[in-house]
Amino acid sequence: ITPRNKHVPSAHVGGGVRVGVGARLKHAAKPRSILQYKRLYFYSAVVLLGAYAASDYVPGLRAHVAGLQYAPSGVLTALLVVLVSAGAFFATPSGRAYVRFAWNCFIKPFLRRKPNGVDSSEHQNRLEAFYEGQADIYDETRKRLLRGRSTMLKLCAAQLAQFYPVRFANDFQVGRAGETVEDPSVLPSPPISPSILANSDKRYAWIDIGGGTGSNIELMNQFFPIRNFDKVYLVDITPSLCKVAQERFKRLGWSNVTVVCMDASKFAIPKEDGEDLEIALITMSYSLSMIESFYPIIDRLVSVLSPNGIFGVADFYVSPKRSSDPTRQHSWLMRWFWAVWFDLDNIYLHHSRRDYLEHKFKTIKTLNGKNLFVKPFVTIPYYVWIGAQQGAELTPLLDKAAEQMDSDSEEEQEENVEQSRPREVDFTAPDLSSSVLPHVSSDHVHGQGLRWRQPFDSALIPRFSTYIYAFAWEDPRVDLEFLDLTRRDKMLVITSGGCNALEYAAKVGPARIHCVDLNPCQNNMLELKLAGITALQYQDFWRLFGEGFLPNFSSVLDTHLSPYLSPYAYHFWKQTAGFKNLFKTGCSGLAIRVFQFVMRARGLQPVVTRMCEADTIEEQYDIWVNEVRPHFLSKWLIMLLNNDRFLWGSAYEYMVNTLDPIVKSTHLKTDNHFYYMPLMLKYNPQNAPAYLTPEGFAALQADSSRVDAFRIHTSTILDVLTKEVADGELTRVLLMDHLDWFSAEDAAAEIGAVHRKMEKGGRVYWRSAGKFPWYNSIFEEAGFE
């Protein structure tokens, strides 16, 4: 519903929209063209196919039609379907737009001589000749081709909000005069001038280089409303595209957006806009690959972008033959084909452009994707990259802010600065040679994403396709009975699903929790949970980790979680964001899917639900023995589970020795969420890990030191102890059962390292599948009592 302001209806004059004061937005009724009746085309095709099929039974019909007597019926039928379908599609406005697109991109460039110079005027003439015939259909025909633009803008918006004042939010904004203003992402009315409702003295701007028709700027309004920027400059060298952009912003009424038609390498901020204007954001959406001389422009942008600013790029690319980032590697065919294909349209995909970009700036986030343009045959590689200035450390800014505080007492100033300063990281960087990617560090202005994750060898990434555990099987309540944890303790634990480490943080809050796992994906899971605690409301956090599914997770990943995820974790979750239930992912999810299949195949879902919701253990056990157990111990299921991926040994013995006592002695509904969740595919709000309860979640969010205590290491325990933990630092170490898989030599090396790193009086705990672990004696030999 539009606000009752007189200026609103006039904002949509000529836009095909009728607005009454206080009424809902409605599009003016337009007569439909015959070409828009797609059902007509469909039924026409059905009639023609029917007539053709009937021709087999009409004597002499085929003989009187030239050529029909020689063609098989199936071929002619397929040809007729293709012709009718193509005719129906290309008769529509959308179809005609793609015909023009194909003409201007694939045929017209070869029918006329193109300017071959490298100076600005020749480059402009070349681009104008390419776009002048399709400028008005550019946005419609590029939606499926230019993927990643929305992702890039959402990442930029989320990162900007960490440092720059968001004076206009998506729900409402209260200005200087106290009025509430609906946001244009919800209500398409012109924004109020930024100078009127500015809540901060900081003036900042956005430069969109190669912005074309301005669609990115309009789209950005949904994620970071344009009113937040004092100025927005769209810089493009193509006159026909700039004309479309000017008409767009005139229609929107955005007076703070300026379209500049010129070579980006020559652009400078107009003096009349003020010398205090800070360039907070620079974006290049599918334009870096079209610039002839890209080195000078990137060099120029280094001097233009604010030290606290963000640089966002989305573009096509091909990888080098060998890359230190395994997630961007392409086959030789893909590298060769797409480079040659796009070169025909003067689009240059050589990896040197991206390499130089990453050389001059630090990487905050990156996404290497494939656009399934024509499924499943045509996949076009593209990337999204978010970067920042090198050397923009957070500590000097905090020191500068401390010098400017003059209203508080000296003691209060010191206290405030100390609270805002990042905690000391007792970390010695491991020697990982060139395999460490050029990302921002944790002390960078935009280094929140490396708040927990420590640098590691990226060569580990292709070794693991997924995690083993989406949740932990070991009961941390038993650990806490014996750990005697305090706030001063410093722990080392195996990451696993991250549930146990979060339990210790929620219940006690140790000073340091080193989480170690060789599998990068396993640490990505813990990162996601920590980011969710930091950025989400409890209801959304519960839906994701308590019920296993959060609608629009991929978008939430960009807008809320991305600033707190490392580049590795963000890339992993963006590529795997299509899950329907988090608990059915990973190797543990494979086992859950097997059990769920058995329940569906045998119609056990209602029975299992009754067992999990039983009010007493006796009722629960009776259902298990008489109605569920015979199906779960069937021969074919045991044969399926006797698989090395499950690491269970004998599945029959495991299930009998584990499930029978569990169902007989623990109440699934109120006490044992470790088995309730896999059977029900969700946690019970009254029976969940501590970090998933409202009280535990509130404790972690309210006390940032509990979350800041985490350090996530992607390596072996021995390597982490040797290189990243000081002697005598640890007071508690939990090794779970992983020593069961070690040789005596490896166990002795790790246990010896644990002893060296432990404080006198520290304790080490482990679990084992054996009642008398063979490595107990090694602990005694290493000096443990």
Show, in sequence, the C-alpha distance, side-chain angles and deciding distance for Y348 and F294, and conclude whether the side chain to side chain contact (heavy atoms under 4.5 Å, CB included) test is met. CA-CA 10 Å; Y348 312 110; F294 63 93; over 6 Å; no

So do the side chains of N371 and F316 get within less than 4.5 Å of each other, counting heavy atoms only? no

Donor + acceptor pair across side chains of S306, Y164 (<3.5 Å): yes

CD of E247 to CG of L252, rounded to nearest 0.5 Å, is 12.0 Å

Can you check whether N368's main-chain N or O pairs, donor with acceptor, with H571's side chain at less than 3.5 Å? yes

Approximate separation, where rounding is to 0.5 Å, of D315 CG and R149 CZ: 11.5 Å

Shortest non-hydrogen pair, G586 vs R593, comes out as O-NH1, 4.4 Å

Do the ring planes of F553 and F579 sit parallel (below 30°), tilted (30 to 60°) or perpendicular (above 60°)? tilted

Please check: side-chain N/O of T141 versus main-chain N/O of Y138, any donor-acceptor pairing under 3.5 Å? yes

Between H713 and S715, is any side-chain donor less than 3.5 angstrom from a side-chain acceptor? no

Between E140 and D136, is there a donor-acceptor pair closer than 3.5 Å when you use the side chain of the first and the backbone of the second? no

Verify, without hydrogens or angle tests, whether E358 (side chain) and T363 (backbone) share a donor-acceptor contact under 3.5 angstrom. no

Using only atom types and a distance under 3.5 Å, with no angle test, would you say the side chain of D236 pairs donor to acceptor with the backbone of C261? no

Grab the two heavy atoms, one from I226 and one from N221, that are nearest each other, plus how far apart they are. N-OD1, 2.9 Å

Could you check if a side-chain atom of P307 sits within less than 4.5 angstrom of a side-chain atom of V445, using non-hydrogen atoms only? no

Have a look at S458 and tell me which of S323, P567, P326 forms a side-chain contact (heavy atoms from CB on, under 4.5 Å) with it. P326

Distance col, row I364:CD1 vs Q448:CD, nearest 0.5 angstrom, shows 8.0 Å

Shortest non-hydrogen contact between I237 and P239, atoms and distance: O-CD, 3.3 Å

Sub-3.5 Å donor-acceptor pair from the side chain of D263 to the main-chain atoms of S265, do we have one? yes

Here the gap from R126 atom CZ to N346 atom CG, rounded to the nearest 0.5 Å, amounts to 5.5 Å

In terms of heavy-atom contacts, A388 and H446 come closest through CB-CD2, 4.1 Å

Taking K365 for the side chain and Y570 for the main chain, is one N or O donor matched with an acceptor at less than 3.5 Å? no

Quick check: do L357 and F311 have side-chain heavy atoms less than 4.5 Å from each other? yes

Nearest-0.5 Å distance that lies between atom CG in L544 and atom CG in L561: 7.5 Å

Looking at R453 and A569, what are the two nearest heavy atoms and their distance? NH1-CB, 4.4 Å

Check against side chain to side chain contact (heavy atoms under 4.5 Å, CB included), L460 and T714: CA-CA 9 Å; L460 288 171; T714 308; 4.0 Å; yes

Side chain of R144, backbone of F373: donor and acceptor closer than 3.5 Å? yes

Apply the test side chain to side chain contact (heavy atoms under 4.5 Å, CB included) to residues M284 and L301: give CA-CA distance (whole Å), side-chain angles for both, the deciding distance (0.1 Å), then the verdict. CA-CA 11 Å; M284 299 183 74; L301 296 181; 4.1 Å; yes

The residue among T283, N228, D230, N256 that forms side-chain hydrogen bond (donor to acceptor under 3.5 Å, both in side chains) with W206 is T283

Got more than 12 heavy atoms from elsewhere within 6.0 Å of NE2, H351? yes

Would you name the heavy atoms of Q329 and S319 that are closest together and state the gap between them? NE2-OG, 3.5 Å

Look at R354 together with D325 and state whether they make a salt bridge at an N to O cut-off of under 4.0 Å. no

When rounded to the nearest 0.5 Å, the distance separating CG of L305 from CD of E278 is 9.0 Å

Within-4.5 Å side-chain heavy-atom neighbours: I269 and Y233: yes

Pairing donors with acceptors under 3.5 angstrom, does anything connect the side chains of S562 and Q159? no

Quick one: does M220's side chain get under 4.5 Å of D208's, heavy atoms only? no

The ring pair (Phe, Tyr, Trp, His ring centres under 6.0 Å) partner of Y317 among Y382, Y383, W385 is Y383

Report the relative orientation of the aromatic rings in W338 and F342; use parallel for angles under 30°, tilted for 30 to 60°, perpendicular for over 60°. tilted

Do K154 and S555 have side chains that get closer than 4.5 Å, going by heavy atoms? yes

Please walk me through it: do N523 and W452 pass side chain to side chain contact (heavy atoms under 4.5 Å, CB included)? CA-CA 10 Å; N523 286 331; W452 306 296; over 6 Å; no

Within a strict 4.5 Å, meaning less than it, do heavy atoms of the F464 and L518 side chains meet? yes

Backbone N or O of R335 within a donor-acceptor pair of the H330 side chain at under 3.5 Å? no

Check: F249 and L234 side chains under 4.5 Å, non-hydrogen atoms: yes

Between H444 and Q389, is there a donor-acceptor pair closer than 3.5 Å when you use the side chain of the first and the backbone of the second? yes

